[in-house]
Amino acid sequence: MKIYNTLTRRKEEFVPLEPGKVKMYVCGPTVYNLIHIGNARPMIVFDTVRRYFEYKGYDVNYVSNFTDVDDKIINKAIEEGTDADTISKRYIEECKKDMKALNVKPATKNPLATEEICGMLDMIQTLIEKGYAYAAADGTVYFRVKKFKDYGKLSHKNLEDLQSGFREIKVTGEEGKEDPNDFVLWKPKKEGEPYWESPWCEGRPGWHIECSVMAKHYLGEEIDIHAGGEDLIFPHHENEIAQSEAANGKPFARYWMHNAFLNIDNRKMSKSLGNFFTVREICEKYDPQVLRFFMLSAHYRSPLNFSAELMEASKNGLDRILTGMEKLRETEAKVSQDSLSLAEEENKAKGEALAAKYEAAMEDDFNTADAISAVFELIKLANSTVTEESSKAYVSWLKEELERLCEVLGIETEKKKEVLDAEIERMIEERQAARKAKNFALADEIRGRLLEMGIILEDTREGVKWKRA
């Protein structure tokens, strides 16, 4: 298995720290609002990475945090006249609902920053004792960047060319920095903010220290994979490396994985730019599985541009798979012959080659786009070779193989049962009665009205079937 490692800028063979186990940390969201679909991309991508490791038999310890103390959360609380804890708890639950809708598996652990303060204080104290951090007069604690000789190895930035301007909220006392590139580990409280006691001042942690401490707590001092969006490479992940390796005296993560941006109108989608859609908004128009399928339709390191046209293409592509699976299930229920014919043996060999093609794509840095192509080819094989004369053994093998491969992608292969409202049900029954009475003009008129309402009818040997347009 090859993984593109941001640290080395090349694909490397994956060798776990401990045979058969994967320790994986994925940076989660700051919980002050509903997540947007840009937030959803890393959730879906790295959930799929996890699923593939599990498919290959690995025991995966998958940790993804919630940042539940941050200026954005505090500002939202002030805006609503409540407290930061209320805001963060509300949006953690909303985030979990969206993740469930997108079929993202629950993490082994979702640590909260506010529950890891003691560990942060310990790590900061260790960094001070080792000379990697210092406290300014006002109690702000900074990391001494020049002391860490490997600073910049992830982002490949030259320290001397860097200017201050990290994604840290400016605090009073920044004149206390020894170097403009030094970053905050602990900062003094402001009026009305949540705070904790520390040896340096009443305050709260800087953003970067959170993940270093949570990864160490739940996965250990050295982990296999650290992942997140490419916007986190610098400064967040760069600073995590500096803190963790300075404090622990060993490499932090073997492999660094980063997904590319989700763009809209070819610009990065973000709340700060105001050009975003929440997962909820998109899922009012499309099944969440369509959004997941869309996210996996491109390689995770390739920028992905969101558009209605691409969502429609994803909807149609997913429907091809679901329709093919529905046909397989219906045929499986009818056929009984157990042994494969010679032709079916040959077709099964073709199917096995396509499954191997799928695995080869996933083994090559989790190329879900090519893996999906292999799934389409398997569906095409099923559609062209499965009939009511097929053996049960052949049909069942195809069905189970497709279910197995789709499960890795987090794609649910059974069409969801939709409940029509009473008016549409009445119209379908009325049309059936008109057909029985040979009033075909009325039946056609009702079919047309249903089509205008977005309901497509299909007359089959098993009866009337319908789907949404």
Quiz item: Does the side chain of E312 come under 3.5 Å of the side chain of Y286 through a donor N or O and an acceptor N or O?
Solution: yes
Which residues pass the side chain to side chain donor-acceptor pair (under 3.5 Å) test with [X], sequence neighbours left out?
{"X": "E221", "value": "K250"}
{"X": "K100", "value": "none"}
{"X": "S339", "value": "Q337"}

Side-chain polar contacts of residues 430-437 - donor-acceptor pairs under 3.5 angstrom, sequence neighbours left out - could you list them?
from, atom 1, to, atom 2, distance (Å)
E430, OE1, R426, NH1, 2.7
R431, NH1, D459, OD1, 3.4
R431, NH2, D459, OD2, 3.0

Quiz item: With side chains defined as the heavy atoms from C-beta onward, is the minimum distance between N33 and K72 less than 4.5 Å?
Solution: no
Quiz prompt | Validation row: E403, M325 side chains within 4.5 angstrom (heavy atoms) | solution = yes
Quiz prompt | Ring centre gap for F277 and F306 strictly below 6.0 Å | solution = yes
Quiz item: Do we get K105 above Y62's six-membered ring, with its NZ or CZ under 6.0 Å from the centre and within 45° of the axis?
Solution: no
Exercise. Provide the full list of salt bridge (Lys or Arg N to Asp or Glu O under 4.0 Å) pairs with a residue in residues 28-49, sequence neighbours left out, each pair given once.
Key: D47-R51, D47-R292
Exercise. Could you list the residues that satisfy side-chain contact (heavy atoms from CB on, under 4.5 Å) with S302, not counting sequence neighbours?
Key: H299
Quiz prompt | Any donor-acceptor pair under 3.5 Å from T108 side chain to N61 backbone | solution = no
